[in-house]
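Written out below as structure tokens is the structure these notes cover.
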Amino acid sequence: MTTHAPQAAQAVTLPTTLDEAVAALTAMPAAVPVAGGTDLMAAVNSGQLRPAALVGLGRISEIRGWQYQDGHALLGAGLTHARMGRPDFAALIPALAASARAAGPPQIRNAGTLGGNIASAAPTGDALPVLAALEATLIIAGPGGARREMPVSHLLAGMEMLRAGELIGYVRVPLLHAPQVFLKATGRTGPGRAMASVALVLDPARRGVRCAVGAIAPMPLRPLEAEQWVGRLIDWDNNRAIVPEALSAFGEYVAAACIPDAAPAEDGSVPQLPPAVLHLRRTVAALARRALGRALS
């Protein structure tokens, strides 16, 4: 798993239940949990991390599947991208399945997990804008069998953090039974790290649109005013019709909210954004426009 000498870990624990994993982390505060290891081993190989101990999560079967719960899907944190990309899961949460299929080459999708994507909180994590748009909730396992809930957006924004000995056990996602879209731009052909990504879901019950933009900031961005604006323009009673001009305007609205103009100078003039930033802004606008168009088609 690494080209370095086997000094990265002094001890490896392989629990078979979530509570056993929590107990191991509590007993070894310096230990690092590892599931697929796609981010962890990259850090080890680059010399950025030398964990004193590892707690392997691969044998915990209870977090490798999903179940239905009161209009929600309860997803185990150990679900791999490859599993989420399959047709049966895509029928359940289409946008999350699309992000899983775009997560990288097969070896990454086969190993990488939903919980790892969230815990590492890399800005380019493909699942993160989808979970933000779906307003997903984390179920955190703690010492003594404790469980607590946290909006995924709180963890990604640093508003709440995992405490000592805690693990992400499950992710609860509302089943909206409506179109969902995930799109990303990589700057090159084929799967790769996102330059920008957009997740968009329709919520017919609330007659609303939820949108999250990923990869352009440390956490997914929700353009709430753009969501509210376009939600009022959709004819929810007439096949979700919308005038074509509104699609373009929505894209520009989202892009401007996420990548605003530069602050005015002292003389009142507004500096021009650098060409690279303008290109990124146009990319976000195009992704948001296409995502809404596909969701409404």
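Only this structure's heavy atoms are used, side chains among them; waters, hydrogens and symmetry mates stay out.
Here Ile234 contributes atom CD1 and Ile242 contributes atom CD1; the two are 5.0 Å apart, rounded to the nearest 0.5 Å. One finds the OG atom of Ser99 at 11.5 Å from the CG atom of Leu183 (value rounded to the nearest 0.5 Å). Interatomic distance, Glu20 CD to Leu25 CG, rounded to the nearest 0.5 Å: 12.0 Å. Here the CG atom belonging to Leu79 is positioned 10.5 Å from the NE2 atom belonging to His81, to the nearest 0.5 angstrom. The distance from the NE2 atom of His154 to the OG1 atom of Thr137 is 9.5 Å, given to the nearest 0.5 Å. Between the CD1 atom of Ile216 and the CE atom of Met195 there is a distance of 10.5 Å, given to the nearest 0.5 Å.
With Asn110 contributing its side chain and Pro106 its backbone, the two residues share a donor-acceptor pair below 3.5 Å. A donor-acceptor pair is defined here as one N or O able to donate and one able to accept, closer than 3.5 Å; no such pair exists between the side chain of Glu149 and the backbone of Leu138.
Applying the side-chain contact (heavy atoms from CB on, under 4.5 Å) criterion to Ala262, with sequence neighbours excluded, gives Pro271, Leu273. Listed by chain and residue number, Asp19 satisfy the salt bridge (charged side-chain N to carboxylate O under 4.0 Å, His left out) test with Arg147 (two or more places apart in sequence, or in another chain). Among residues two or more places apart in sequence or in another chain, the ring pair (Phe, Tyr, Trp, His ring centres under 6.0 Å) test is passed with Trp236 by none. Applying the side-chain contact (heavy atoms from CB on, under 4.5 Å) criterion to Ala132, with sequence neighbours excluded, gives Ala212, Pro220. Under the salt bridge (charged side-chain N to carboxylate O under 4.0 Å, His left out) criterion, Asp203 pairs with Arg206, Arg210, not counting sequence neighbours. Looking at residues two or more places apart in sequence or on another chain, you find a side-chain contact (heavy atoms from CB on, under 4.5 Å) between Ala249 and Trp229.
One finds a salt bridge joining Arg148 and Glu160 here, because a Lys/Arg side-chain nitrogen approaches an Asp/Glu carboxylate oxygen to under 4.0 Å. Note on Arg282 versus Glu252: no salt bridge recorded, every NZ/NE/NH1/NH2 to OD/OE distance being 4.0 Å or above.
Counting all heavy atoms, side chain and backbone alike, Ala95 lies closest to Phe182 at O-CB, 3.6 Å. Taking both residues in full, the closest heavy atoms of Pro143 and Thr26 are given as CG-OG1, 3.7 Å, listed atom of the first, atom of the second, then distance. Residue Ile259 comes nearest to Leu280 through the heavy atom pair CD1-CG, 3.8 Å, listed as atom of the first residue, atom of the second, then distance. Of all heavy-atom pairs spanning Ala257 and Pro223, the tightest one is CB-CB, 4.1 Å. Nearest heavy-atom pair across Val171 and Leu131 is CG1-CD2, 4.1 Å. Nearest heavy-atom pair, Gly115 versus Ile168, reported as atom, atom and distance to 0.1 Å: O-CD1, 4.1 Å.
Clustering ILVMFWY residues whenever any of their side-chain heavy atoms sit less than 4.5 angstrom apart, transitively, puts Ile140 in the very cluster that holds Leu134. Linking Ile, Leu, Val, Met, Phe, Trp and Tyr residues whenever their side-chain heavy atoms come within less than 4.5 Å places Ile118 and Phe89 in a single cluster. In the hydrophobic clustering of ILVMFWY residues, with side-chain heavy atoms under 4.5 Å counting as a link, Ile139 and Val152 come out apart. The hydrophobic cluster containing Val198 also contains Leu278, counting ILVMFWY residues as joined when their side-chain heavy atoms lie under 4.5 angstrom apart, directly or transitively. By the rule that hydrophobic residues join a cluster once side-chain heavy atoms approach within less than 4.5 Å of another member, Val277 and Tyr253 end up as members of one cluster.
The side-chain heavy atoms of Pro15 and Thr13, taken from C-beta on, include a pair separated by under 4.5 Å. For the pair Leu114/Met84, a side-chain contact is recorded, criterion being any heavy-atom separation below 4.5 Å from C-beta on. Inter-residue side-chain proximity for Val34 and Val32 is flagged as unmet; no heavy-atom pair is nearer than 4.5 Å. Using a 4.5 Å cut-off on side-chain heavy atoms (C-beta onward), Val173 and Leu92 make no contact.
Shown here is Asn239, whose CG atom has no more than 12 heavy atoms of other residues, nucleotides or ligands within 6.0 Å.
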> Is there a side chain to side chain contact (heavy atoms under 4.5 Å, CB included) between Val55 and Leu167 once you walk through the steps?
Replying inline: CA-CA 11 Å; Val55 176; Leu167 277 173; 5.9 Å; no
> Between Leu202 and Leu176, does a side chain to side chain contact (heavy atoms under 4.5 Å, CB included) hold up when you go through it step by step?
Replying inline: CA-CA 8 Å; Leu202 301 184; Leu176 300 178; over 6 Å; no
>> Would Ser197 and Val213 count as a side chain to side chain contact (heavy atoms under 4.5 Å, CB included) here? Give the steps.
In response: CA-CA 6 Å; Ser197 61; Val213 179; over 6 Å; no
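If you chain together ILVMFWY residues whose side-chain heavy atoms come under 4.5 Å of each other, Val270 ends up in a group of its own. Taking Ile, Leu, Val, Met, Phe, Trp and Tyr as hydrophobic and joining them when side-chain heavy atoms fall under 4.5 Å apart, one finds Ile108 isolated, its cluster having no other members.
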Which donor-acceptor pairs under 3.5 Å do the side chains of residues 57-72 make with protein atoms, sequence neighbours left out?
{"unit_1": "Glu62", "atom_1": "OE1", "unit_2": "Tyr170", "atom_2": "OH", "d": "3.4"}
{"unit_1": "Glu62", "atom_1": "OE2", "unit_2": "Leu18", "atom_2": "N", "d": "3.0"}
{"unit_1": "His72", "atom_1": "ND1", "unit_2": "Asp70", "atom_2": "O", "d": "2.9"}

Distance-only donor-acceptor hits, side chain of residues 121-129, under 3.5 Å, sequence neighbours excluded:
{"unit_1": "Thr124", "atom_1": "OG1", "unit_2": "Arg193", "atom_2": "NH1", "d": "3.1"}
{"unit_1": "Asp126", "atom_1": "OD1", "unit_2": "Lys184", "atom_2": "NZ", "d": "3.3"}
{"unit_1": "Asp126", "atom_1": "OD2", "unit_2": "Lys184", "atom_2": "NZ", "d": "3.0"}

Side-chain donor-acceptor distances from residues 283-290 under 3.5 Å, at least two apart:
{"unit_1": "Thr283", "atom_1": "OG1", "unit_2": "His279", "atom_2": "O", "d": "2.9"}

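Each salt bridge (Lys or Arg N to Asp or Glu O under 4.0 Å) pair with one or both residues in residues 76-88, not counting sequence neighbours, appears once here: Arg83-Asp88.
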